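First the structure, in the form of C-alpha cells, and then the observations on it.
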Amino acid sequence: MGTADLLVHDAELLATVDAGRRELAGGWVAVTGGVVSGVGGPGDPAPRAARRVDARGCLVTPGLVNTHHHLYQNLTRAYAPALTGGLFDWLVTLYPLWARLDEEAAFVSAWVGLTELALSGCTTSTDHLYVHPRGAGDLVAAEVAAARDLGVRFHPTRGSMSLSVEDGGLPPAAVVQDDDEILAESQRLVAAHHDPSPHALVRVALAPCSPFSVSPALMTRTAELAESLDVRLHTHLAETRDEDAFCLATFGRRPVDHLADVGWLGERVWLAHAVWPSADEVTRLGAARVGVAHCPSSNMVLGSGLAPVAELRAAGSPVGLGVDGSSSADAASLWLEARTAMLQGKLRHGAAAMSARDALEMATRGGAACLGRAGEIGELSVGACGDLAVWPLDGVRFAGALSDPVEAWLRCGPVAARHTVVAGRFVVEDGVPVHPGLAEQLAVHRRVAAGMQFEDPAAPHRSQARGGPLQRGRTDVP
Ligand SMILES: [Zn+2]
C-alpha cells in the first residue's frame, strides 16, 4: 500500500453510506489523488499518509450534496418586502431586483454561497441560475470561476425564462429571453464548462425555470438538446397549488402530464420541490426514475406545503436535498435541511418514519443519484471522490448523546462541519473556510446586495427598499 495524501482516522463513527451502508466505529478513510483509496475499521491496517487528521470524537460522513439552489438569491436574503404572500407574490416582488444581476453579482453570490454550504459539510452543489438580464454578461462562467477559486464540486445549470407576463407567464419582459438564444447559450456553456470525465469538478445541466415561466416548446427543445449533449435536466415542478391551477388553466393538464408532454418524464431529469404531485403522479415520477430535490425549509418559509418524500422514495424516485435559494430558505445549510427533512418526515408519517440515517442518505446518495453521479459522490468507498465531512460530537450540545452518533448528529446541534474536504483538499478546516479571501468577498457582497435592494445603496438603512416600503416598524398604522 502506497502513501496516501490524506488519512482521516479513529472516527467515533465512519458512516460510509456505501452500498452496504457500512458504519465503522474507530474507522478510517484514505484519499489519494483526489479519490478514496481505502476505507477500514480499527482492525484494518491504515496506509501511511502525507497528512493525518485525528477524528476521535467525530462523525465522518461523505460530503453532503446540494441538489437545488439559486446562489444569486443570497443578494436578497430575507428581503422583507417579499414576504407578503406565497411563491407567486414573492417572485413578482423580487424579479425586478434580480434584473440587476451582473457578472460581479454572480461571482460574489456564488463565492459566498458556496462557502456557506461548505461550512455545513456540503462538498457538491448545483445551482439553478435562471435570471439572465440582457447585457448582464456570462453569469454562469462567473459562478464557475467562484467554485474553482474555492475548490468545491459544482453543477451549475443553464436556467432560463422565456414566457413573460405579456405572453401569459409570470416574470417581467426584462428577465426573459427567446428560445433560440437560450438554446444557443446552453450549448455554448456545456461546451465551455461541462466535464463528463470521472471525478469531474464541474458539470453543467440545462434548467428551464418552471411551467409558469417557459413555453412548452422550450421545454421540448431543451430536452432534445440535453439528450444530444448527454447532460442532465432540471426544473421546478409541483411546488404550489397555484402552479397546479396555472397548469390546468394554461395547458389543460396537471404538472406531470405537462412534463410527459414535453419529453421530460425520464431518468435524465431531477425536479425541485415536487410538493403537490397526486398519488398517481408520484407513481409515474417514481416509475420513470425522475429525481426530486426536496427543499423542506423553503417549502415551509413560503408556506408551499409538505412534500410526499416517503411516497416518492417508495415509488422509486431518487430523492436528494436542496437548500433552495437564500431569498426563501434563507439559511443555506445542508445540515439544517437534513434535520428539517427528518422532522417533516416524522410529522407526516410518525416518529419512526424518517430517521437521521434516512436524512443522511438523502443528503448524500440521494443527491448523488439526482445529479447522475451515483457511486461517484455521496458515499465513501474505494474509487469514489475524496469528498467528506468531519463533524464534532462534543461540547454542550452533545453532552449525554452516547448511544448513536448518527441520530445525535442530526437531533442535537446545530452543527457545522469541523472539516470539509473536496477531492482530498480542505475547503473548511477547524470550522473556518481555508480560502483567505472571505472578508474581502463579504465586503463586495454587501455593496452589491445594497445596490440591488435599496434606492440609495450608500445609506440602505435610511432609503426605501426597492420592492416597496417596509411594513415593519411603521408608525402610521392605527
Ligand atoms: Zn428553486
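First listed ligand is number 1; within each ligand, the first listed atom is number 1. Below, all heavy atoms of this structure are taken into account, side chains as well, without hydrogens, waters or symmetry copies. Values in this document were obtained by computation on a predicted structure and should not be read as measured data.
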Q) Under 4.5 Å between any side-chain heavy atoms of Leu64 and Glu337, yes or no? A)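 SC-SC contact between Leu64 and Glu337 ruled out.
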Q.
Given the Zn ion (ligand 1) as the apex, I'd like the angle to NE2 of His70 and NE2 of His236, rounded to 10 degrees.
A.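 It comes to 100°.
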Q) Looking at the Zn ion (ligand 1), which N/O/S atom of Asp324 is the nearest one? A)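 Result: OD1.
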Q: Could you tell me whether any N, O or S atom belonging to His68 is less than 2.8 Å from the Zn ion (ligand 1)?
A: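 So His68 does bind the Zn ion (ligand 1) by this criterion.
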Q | Whether Glu239 has an N, O or S atom under 2.8 Å from the Zn ion (ligand 1) | A |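 False for Glu239.
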Q. Less than 6.0 Å separating the ring centroids of His128 and His236?
A.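 Ring centres of His236 and His128 closer than 6.0 Å.
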Q: If the plane angle is over 60° it's perpendicular, under 30° parallel, otherwise tilted; pick one for Phe212 and Phe246.
A: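 Judged by the thresholds at 30° and 60°, the geometry between Phe212 and Phe246 is perpendicular.
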Q: Please determine, by modelled atom types, if Asn66 and Ser125 share a side-chain donor-acceptor pair under 3.5 angstrom.
A: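 There is such a pair between these side chains.
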